[in-house]
Amino acid sequence: MPKYDHKKIESKWKKSWEKNKIYKTNESSDKPKYYVLDMFPYPSGAGLHVGHPKGYIATDIVARQKMMQGYNVLHPMGWDAFGLPAENYALKNKVHPAEATAENIKVFKKQLGLLGFTYDWDREVNTTDPEYYKWTQWIFLQLFKKGLAFESYEPINWCPSCKTGLANEDLEDGKCERCGSVVEQKPLRQWVLKITDYAERLLNDIELLKEWPESIKEMQRNWIGKSEGAIVKFSVVSTTTTPSPSFERRGNVVTPPARGGVGLEAGGGWSNSFEVFTTRPDTLFGATYCVVAPENKMIDELRLKINNIDEVDAYLAQAKKKTTLERTELQKEKTGVELKGVKAVNPVNGEELPIFVADYVLGNYGTGAIMAVPAHDERDFEFAKKYGIRVANVVAKQIGDRINAAVRKVCVGAIIKNKNKYLALYDNITKEYRLPGGGVESNEDDVSALTREIGEETGYANYTIKEFLGEIEANFYALYKKENRIKPFRCYVVELINEDKKEVKGEDARFDVLWLKEEEIMEVFLKNPVDGGEHEMIKRVFGVEKVCFVDDGVAINSGFLNGLETKEAKEKMIKWLEEKGLGQRKIQYKLRDWVFSRQRYWGEPIPLVHCDKCAQRKPKILYIHGIYGSAEENWVPWFKKEMTERGYEVLTPNLSNSESEVNFGEWINELKKLPITQGDKLFIVGHSFGARFACKYIEENGWYVEKLIMVGPTGPSQNESSWKALGAVGCSEESIESVRRLNKEKIDLEKVNELVNATTLYLSDNDPYIPMDVVSDYVGLVLAVRKFHNKGHFNKSAGILELPEILGEFPEVSKLNLGWYPIPEKDLPLELPKVKNYEPTGTGESPLAGIDKWVNTLCPHCGGPAKRETNTMPQWAGSCWYYLAYAMKFGSKFEWNKEKINYWNPVDLYVGGAEHATRHLIYARFWHKFLFDIGVVNSVEPFTKLQNVGLILAEDGRKMSKRWNNVINPDDVVAEFGADSMRLYEMFMGPFDQACAWSTKGVIGCRRFLEKVWNLSLSVIPSDPRTSLVIPSEARADEGSPSRHDRDFSPTATGIRNDKNAKLEILLNQTIKKVGEDIQALHFNTAISQLMIFVNEASQSSVLSLQSFASFLQLLAPFAPHIAEELWAELGNKESIFKSAWPKHDPTKIQHSEITVVVQVNGKLRDEIIVPVDISEADVKAQALGTEKIQKWLEGKEPKKVIYVKGKLVSIVI
RNA sequence: GCCGCGAUGGCGGAAUUGGUAGACGCACACGACUCAAAAUCGUGCGGAGCAAUCCAUGAGAGUUCGAUUCUCUCUCGCGGCACCA
């Protein structure tokens, strides 16, 4: 047999596998499915280095093992090919990005091919393929239709070098993640995805991700950044007496939105309130000033009331110039300017507080304004110190538990001063700080007690008592004595005369005497968790609150909150605010909406069209009243006024209310006369009978409705008592009969559901006509149900003349995307036009904007002239759903085949770099949840198990990079040592998820191992005939019977049966067990180590059977597929090793009949004994005690205790 | 600053329901084979000591018969977030 020639073997088997399509996967299989996925690569021009394939090797190993274990395995590969680098490369080299990408993919594919992966290339996907991005666009359109994509003009992060807007996730330290340029804030029209609507679910469902690394989950939690707190409303008063001139806008001010914050009074007055967000509503009494962010529009609205507006403007201009980077990184000192002439009124105590503008408050978090509580917030504290603002302490440290506290005798304590330092004692036993002092004995006065204590505890003898600070009550847990205490504590200031001291003896020697500076001693005591009165003493000596206290504690100086712990105080304050209408509970997230447009060429076109004419049309609300109802009663007039102010057109037809019966046809006819046309943003509110009728109307009309709100709707669940109640208020029999009739008439709820984007149902617990049960009448609709208390039938007889809750159902008009229409789905994909000039413009316009022929189109709605959206999607779009695409591929096309998608979904194992934690992995989870919501995938989460790949560093320990000239190319490694050696080495380097430096010597070590295997085969496989051992594919290794084989080389037949043989058999079984388990756990390094142990042992023992060697090859096959396949064939097998069944270990053969038990004396290893495996505890103990060595260690003493750990050790305690 | 993770021979690393620390590989040393070298095979390989034995898993303490594994404090390194109220 020839020497191990990797080149020959590897090319031979690659061809064979390809030809026989052994990796071809299909869904028609009765085997269980297993979906292993790699994060698909971005095909860069540089090609692969050895680090890239590490993850692919791991998935390949798992895929091959799973195949052998009888799973139907999907292990695909594709290309994430849109994005800036390809475009930049193309620009530089004057080739079209499509061509450059195709070229790069070719190189990548060839490189990957060298490593012998199991990809089913028939399922290859490429995000830049129009057939692929047809579906990226389709998903975007679904998001658009559900109101989750909206047009925004807020300033966004703009990279001046990449010339495009970026999402929050695309920044690193305020710099562009791609090119490192400092990002600017630029107001820009853009498309934004409302990922924040999913924030809560993205956060909660992290719980479901049991098999994700904890670190990634933590990063996602932090990124989502949930904070619970409250919104508090502060009113603003003017302190200037000069009457303001008639209101006039200055400068280029954008019309303020109606949302939150400051509103203008109708008469053109000035703003009179603003809102802040806080997580510490319990500290409201401690607010001593307020801060608004420079971006906050209230400054403009207040400007006529601000006396120092020039100074403020200067600050705003300066703040605007600062980049995000400067605002965060160069944050050394906080700056700000007071808005003179106005004051904020603290709602809880009416105090007038100064208002500042300062850029330490962010415009895009919370409300862009804060209440500042310097005593309990580090940042506010810093700012307050700088500007000399009052600090008001309203939270005290939580001290002992009063209930179980022992009242102690009067104590004295001292702060000892020496020059500018102060003395603190550090207790080495309890690890706490305290001040010298102690109890006053019955025969002492304060001074003698103090003198005694200072002497005992510090040793100092020469000092004068300077000042008595008064008595305080200290309530605390005394660690040293382990009890709760309350003590009257009398405080003195003492000054040292000189440092002469006596030795400290006895119990008091446990103290270290520390001399601390003012700041240090405050730090030590004000932050010390245990406080025996020191906190208060320090405050009295140094003046109040020079250190701010941010922890939870007990409310003080806080009116009705006094004495409550932080948690309770928060709750009580929120309740108070809500009752008074001065604020409400609020949950805030750090997660920002996803800026989804890029002003570049190489991305998916956004499939929307804008029609100026249609944009002029207001969104419409159709209100349908109930029987005997009208549009002039109940809350309708109020509602009409409110919504008209918000920019909606509210249609409230009075429908014919015949005394005898309602004529559906007539109602429909009357509604058809209303000025509503297809394509209008239409909202429908139906009350009572009007609600059910609304469903009927939608069904017949067939137009798309943004939202249907059903208030106390009639339904088949209404019963005799509701009819009676109706009769009682004078409803005629005929009318009741018509309601009954419509209730019975079938409404196609499924169709209604398709036409309506969202449905909400309002019910009241004391509605005389509508029982809560009507919910079940509408289960066909995906609806939100809101149950109200005590609102009757939502009419004037229940006293309902306003229904404030309903206002929240309607989005701001600016988020309704007026004038925007999706292109019809049948026209997808909207292909990226082929152009000559795809350079970014840098103006904020996409290069596509310059192609008139492409831009100008017709409005899908009115048929008039319209323009296409010219921004493209970000690189992350295509990767949000690619794992589904592999299951959707049919030839060169994709098809949303739910059955096939759901066969594979979710991904069982997903392997990739940790750098995607807060981008791809959040974006993909978001899209997946959305797809679940619209019913096109069957799981809430896309990836069951996630595994991070550790980086491979260069041999010098640095990152592999052209710059350092330390890149190792896999092609070279494969050529020199073979793909099998490289695969083996990359898995052997260390723990899979850990970074590790490349070592060529290490590769050689793995190569040597494979050569050993090769040589082992020489000694095992008889040279002739070659068809010596065939293991049928369905055979299990552990049940293979000798009769199935052409020849029998089993140990029994050859007559070799000895110790060595049994030993090797046990080792093989152990190896089968360990390798199987280790692959499962992705502990490849230890699996390989076990394989090495087996080969070392087998090489030396010369009793290896063919059968055992075959099992070994099966274990090796996932790691080193080529050599394993070659030797497998040498054994005479006609079918691929990957069609064979993964070996199973024999549980009776993993343990030797005799085991070594070690004997410890007092925890130290002293001897070992060899005993039968089934020895009894008594016997093993007796034997252990009996050995010569142990007898020597016992020195005749009786053992106190003998512990036996089964099969491992005996521990003797003497 | 906050959050998370980690620290074991000359190097990569193994061992955690607490039970023989250093598996496996690399490097190194010696020996065999060879005229010689490479390759290969064999032996050794944490430190100290002739040895018995002692010391050793970042440092210090604690719990335990017994700690790399659990608890506390600290140091260093890596990753993430960073004025998010």
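A note on names: the letters A, B, ... follow the listed sequences, proteins ahead of strands, and every chain is numbered from 1.
Regarding A:R1008, its CZ atom lies at a distance of 13 Å from the P atom of B:rA38, rounded to whole Å.
Residue-level contact check: A:N1096 touches the backbone only, with heavy atoms under 4.0 Å from sugar-phosphate atoms and none from bases. A:N1085 comes within contact range of the sugar-phosphate backbone alone, with a heavy-atom separation under 4.0 Å but no base atom that close. Counting any heavy atom pair closer than 4.0 Å across all strands shown, A:L1209 reaches a base atom.
A:K1201 contributes no side-chain N or O that forms a donor-acceptor pair with the base of B:rC65 under 3.5 Å. The base of B:rG19 sits within donor-acceptor range of the side chain of A:Q1160, with an N or O pair under 3.5 Å.
In this structure B:rA14 sits in no base pair that meets the Watson-Crick or G-U test at under 3.5 Å.
Applying the 4.0 Å criterion to OP1 and OP2 of B:rG42, one finds that A:Q1100 has a side-chain N or O inside that range. Proximity of A:R1166 to the phosphate of B:rU20: no side-chain N or O atom is located under 4.0 Å from OP1 or OP2.
Checking B:rG25, B:rC83, B:rA15 against every side-chain atom of A:F988, the shortest atom distance belongs to B:rG25. Candidate nucleotides B:rU20, B:rA85, B:rG12 were compared by shortest atom distance to the side chain of A:C996, and B:rG12 ranks first. Comparing B:rC83, B:rC24, B:rG19 by their nearest atom to the side chain of A:S1211 picks out B:rG19.
A:E228 CD to A:Y589 OH: the interatomic distance, rounded to the nearest 0.5 Å, is 8.0 Å.
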